[in-house]
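Worksheet: the structure to be examined is printed underneath.
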Amino acid sequence: MCQTAQSFCDSPGEKGGATPPALLLLLSRLCLDYETATISYILTLTDEQFLVQDQSPVTPVSTLCAEARETARRLLTHYVKVQGLVISQMLRKSVETRDWLSTLEPRNVRAVMKRVVEDTTAIDVQVGLLYEEGVRKAQSSDSSKRTFSVYSSSRQQGRYAPSYTPSAPMDTNLLSNIQKLFSERIDVFSPVEFNKVSVLTGIIKISLKTLLECVRLRTFGRFGLQQVQVDCHFLQLYLWRFVADEELVHLLLDEVVASAALRCPDPVPMEPSVVEVICERG
């Protein structure tokens, strides 16, 4: 049974082949339940009913349980990758098919960002049916109020905002080093734990890292940069509550906006109050 379940993790294709993500999730929960209770129960019952004599070597219960747990871990990790790639494909297409140099002044959140939040919420509900919540770090009181200028966190504003004005050139080497530092601190494919928070954190990390890499390959006009600001603020409003540490979402989205600014010949950010109004309306 474990070998058959693991075969679903070996399906070819970037989107995980034809295996439905829900099946991966169900099988991972099944294997975990086998490891925690079912295997021991079945073997104990068999010994009692058939008076099994240990005259010949048999596979230890611990070995069977370890195999079941490893299978559950592989299935859940594959589920995270498949779901992360599905959302990543949406984000990648939305960035690559848009003309960011000639885009109009943003008036709304792009539909793809709303879809990302909707799909993430649906995944959260799905995983929550089978796994416990998990542990989150304490949330700050202003998480849902945080807005993205070009450098939106208080830490970055204090250090880098003074050098960022329309009339002053940006220190591109400094920006690149900051981005590299943040990238190195975030392990996108870190081990997945058997809880909902860990699963959602893994999916969101893959998705936002893809968005960042796509932004780094484009050139943005002034309004293109402002649209990225709006989109990132909208994502931040909702995604922070799904992850183990909200700072992870802040860092990745900060980096997306900073990367767009770095690739904009005329980087004039939108006022945070206007960004908030657009996102609230959207």
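The basis for the numbers below is simple: all heavy atoms, side chains too, and nothing from hydrogens, waters or symmetry mates.
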Decide whether L24 and M1 are clustered together by the hydrophobic rule: side chain heavy atoms of Ile, Leu, Val, Met, Phe, Trp, Tyr closer than 4.5 Å, transitively.
yes
Do V80 and L23 sit in one hydrophobic cluster, given that two such residues count as connected whenever their side-chain heavy atoms are within less than 4.5 Å of each other, even indirectly?
yes
For A261 and P267, the nearest pair of non-hydrogen atoms, with its separation, is O-CB, 4.0 Å
Salt bridge flag under 4.0 Å for residues R281 and E276
no
Checking Q6 against T71: is there a side-chain donor and acceptor pair closer than 3.5 Å?
yes
First locate atom CG of D254, then atom NE2 of H250, and finally report the distance between them rounded to the nearest 0.5 Å.
8.0 Å
Sequence neighbours excluded - side-chain hydrogen bond (donor to acceptor under 3.5 Å, both in side chains) pairs with any residue from residues 32-44:
R29-D33, E35-R69
Quickly, which of V95, T210, V112 forms a side-chain contact (heavy atoms from CB on, under 4.5 Å) with M90? Name it, please.
V112
For H233 and Q229, does a side-chain donor sit closer than 3.5 Å to a side-chain acceptor?
no
Please collect all ring-ring contact (aromatic ring centres under 6.0 Å, His included) contacts where either partner lies in residues 79-123, sequence neighbours excluded, each pair once.
W100-F220
P265: partners by side chain to side chain contact (heavy atoms under 4.5 Å, CB included), with sequence neighbours left out
T219
Under 4.5 Å between any side-chain heavy atoms of L75 and C9, yes or no?
yes
Can you pull the salt bridge (charged side-chain N to carboxylate O under 4.0 Å, His left out) pairs that have at least one residue in residues 220-232, sequence neighbours excluded?
R110-D231, R222-D266
Taking only residues two or more places apart in sequence, or in another chain, which ones meet E132 in a side chain to side chain contact (heavy atoms under 4.5 Å, CB included)?
none
On a heavy-atom basis, which atom in L212 and which in S259 lie closest, and how many Å separate them?
CD1-OG, 3.4 Å
Is I87 close to I203 at the side-chain level, that is, under 4.5 Å between some pair of heavy atoms?
yes
T59 meets the side chain to side chain contact (heavy atoms under 4.5 Å, CB included) criterion, sequence neighbours left out, with T63, L64
For the residue pair L85 and I206, what are the closest heavy atoms and their distance?
N-CG2, 4.4 Å
Quick check on the hydrophobic clustering: are L130 and V197 connected, directly or via other members, by side-chain heavy-atom contacts under 4.5 Å?
no
Nearest heavy-atom approach of L237 to C279 is CD1-CB, 3.8 Å
Look only at the side chain of S198 and the backbone of N195, and say whether a donor-acceptor pair between them is shorter than 3.5 Å.
no
What residues form a side chain to side chain donor-acceptor pair (under 3.5 Å) with Y238, not counting sequence neighbours?
none
If you define the side chain from C-beta out and look only at heavy atoms, does anything of I278 sit under 4.5 Å from M270?
yes
Verdict with reasoning, S28 to Y131, per side chain to side chain donor-acceptor pair (under 3.5 Å):
CA-CA 10 Å; S28 71; Y131 283 100; 2.9 Å; yes
Looking at Q3, I'd like to know if its CD atom is crowded, meaning that more than 12 non-hydrogen atoms belonging to other residues, nucleotides or ligands lie closer than 6.0 Å.
no
Exactly one of T201, V243, L235 clears side-chain contact (heavy atoms from CB on, under 4.5 Å) with V249, and that residue is V243
Evaluate the side-chain contact (heavy atoms from CB on, under 4.5 Å) criterion for residues E255 and R216: first the C-alpha distance (whole Å), next the side-chain angles of each, then the deciding distance (0.1 Å), finally the verdict.
CA-CA 10 Å; E255 198 172 352; R216 284 176 168 169; 2.6 Å; yes
Can you list, by chain and residue number, the hydrophobic cluster partners of F223 when the side-chain cut-off is 4.5 Å?
none
Which residues pass the side chain to side chain donor-acceptor pair (under 3.5 Å) test with S207, not counting sequence neighbours?
none
Heavy-atom nearest pair, C232 first then L253, reads O-CD1, 3.5 Å
E70 CD: over 12 foreign heavy atoms closer than 6.0 Å
yes
Give every donor-acceptor pair under 3.5 Å between a side-chain atom in residues 116-123 and any protein atom, sequence neighbours left out.
from: D119; atom 1: OD1; to: R115; atom 2: NE; distance (Å): 3.1
from: D119; atom 1: OD2; to: R115; atom 2: NE; distance (Å): 3.2
from: T120; atom 1: OG1; to: V116; atom 2: O; distance (Å): 2.7
from: T121; atom 1: OG1; to: V117; atom 2: O; distance (Å): 2.8

Determine the minimum heavy-atom distance between E193 and V199, stating which atoms define it.
O-CG2, 4.3 Å
Whether the D99 and S102 side chains hold a donor-acceptor pair (N or O, under 3.5 Å, no angle test) is what I'd like checked.
yes
Hey, are the side chains of L32 and L76 touching, using non-hydrogen atoms and a 4.5 Å cut-off?
no
Roughly how far apart are F8 CZ and T19 OG1, rounded to 0.5 Å?
6.0 Å
Can you name the residues that form a side chain to side chain donor-acceptor pair (under 3.5 Å) with Q226, not counting sequence neighbours?
none
Could you pull out all residues at least two apart from D124 that satisfy side chain to side chain contact (heavy atoms under 4.5 Å, CB included)?
K196, L200, F242
